[in-house]
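One structure is given below, encoded as structure tokens.
Because the structure is predicted, anything quoted here is derived from the model rather than measured. Just so we're on the same page: letters track the sequence lines, and every chain starts at 1. As a basis for the values below, the full set of heavy atoms in this structure was taken, side chains included, without hydrogen atoms, waters or symmetry mates.
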Amino acid sequence: MSIDADRIYCLLSQVPEGRVTTYKFLAHAVGSKGYRAVGQILRNNPYAPHVPCHRVVSSDGSIGGFMGNRSGVHIQKKKKLLRGEGVKIKGNTLSDFSSIVVSDFR
DNA sequence: GCGCTTATCGCAC
DNA sequence: GTGCGATAAGCGC
């Protein structure tokens, strides 16, 4: 089955500020194991600012990478942005990730 | 305990 | 039609 990109955007859209989600759960939420596919959809991001791709992190709580290449220093800005929303970031990983990760969309 | 490899899905070329 | 890419999980050493 295919991952409904619209579903990804919908779930991500309902994630409040100061909270993040993981590729694994997003993929699982749509009923697929295409963890990478989720990132791929976010990579194109047709919904742009409506879909806070920087709010999506890896299952380990690490930022992983955004904008198609983790080399993007923009990640640093994202981390700071998330921190401004109430998300504490440690290096390349979320400190309170386990406390802010939304693993239950329903 | 840490590292590398395999599996999986979507999008771009 | 093929290849690459924002990951995840498992197996090996």
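- Per the geometry, CD1 belonging to A:Ile8 stands 14 Å off P belonging to C:dT7, to the nearest Å.
- When distances run from any side-chain atom of A:Asn44 to the nucleotides B:dG10, C:dT7, B:dA12, the shortest one goes to B:dA12.
- Summarising the geometry, the separation between CD on A:Gln40 and C1' on B:dG10 is reported as 6 Å, rounded to the nearest angstrom.
- The nearest whole Å value for the distance from the OH atom in A:Tyr35 to the C1' atom in B:dT6 is 13 Å.
- Contact of A:Arg36 with C:dG5 (side chain to base): a donor-acceptor pair of N or O atoms is detected under 3.5 Å.
- Counting any heavy atom pair closer than 4.0 Å across all strands shown, A:Ser2 reaches sugar-phosphate atoms only and no base atom.
- Counted within 6.0 Å of NE2 on A:His54, heavy atoms from surrounding residues, nucleotides or ligands total more than 12; the atom is thus considered enclosed.
- Not a single donor-acceptor pair under 3.5 Å links the side chain of A:Lys24 to the backbone N or O of A:Tyr35.
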| task | Mind running side chain to side chain contact (heavy atoms under 4.5 Å, CB included) on A:Phe105 and A:Leu26 for me, showing each step along the way? | result | CA-CA 9 Å; A:Phe105 294 104; A:Leu26 280 172; 4.1 Å; yes
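- Base pairing in DNA chain B gives the following stems of 3 or more Watson-Crick or G-U pairs, range against range and under 3.5 Å: B:1-7 with C:7-13, B:9-13 with C:1-5.
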| query | When you look at A:Asp6 and A:Tyr47, which way does the side chain to side chain contact (heavy atoms under 4.5 Å, CB included) test go after all the steps? | reply | CA-CA 9 Å; A:Asp6 185 71; A:Tyr47 286 72; 3.6 Å; yes
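- Here B:dC9 presents its C1' atom at 12 Å from CG of A:Asp4, a figure rounded to the nearest Å.
- Atom-to-atom, CG of A:Asp6 to P of B:dC9 comes out at 20 Å; the value is rounded to the nearest Å.
- The nearest whole Å value for the distance from the NE2 atom in A:His28 to the P atom in B:dC9 is 14 Å.
- By the criterion of side-chain heavy atoms lying less than 4.5 angstrom apart, applied directly or through intervening Ile, Leu, Val, Met, Phe, Trp or Tyr residues, A:Ile63 is grouped together with A:Val102 in one hydrophobic cluster.
- Following rounding to the nearest Å, A:Ile63 (CD1) and C:dT7 (P) show an atom-to-atom distance of 12 Å.
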| side chain to side chain contact (heavy atoms under 4.5 Å, CB included) evaluation trace for A:Lys80 with A:Ile89 | CA-CA 8 Å; A:Lys80 202 169 186 176; A:Ile89 317 265; over 6 Å; no
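- Here the nucleotide nearest the side chain of A:Lys24, chosen from C:dG5, C:dA9, B:dG10, is C:dA9.
- Relative to the side chain of A:Lys33, the nucleotides B:dT8, C:dA8, B:dG10 differ in distance, and B:dT8 lies closest.
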| request: Give the C-alpha distance, both sets of side-chain angles, the deciding distance and a yes or no for side chain to side chain contact (heavy atoms under 4.5 Å, CB included) between A:Thr93 and A:Asp60. | output: CA-CA 8 Å; A:Thr93 317; A:Asp60 297 280; 5.8 Å; no
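- In this structure, A:Asp60 places its CG atom 9 Å from C1' of C:dA8, rounding to the nearest Å.
- For C:dA8, one of the phosphate oxygens OP1 or OP2 lies less than 4.0 angstrom from a side-chain nitrogen or oxygen of A:Ser59.
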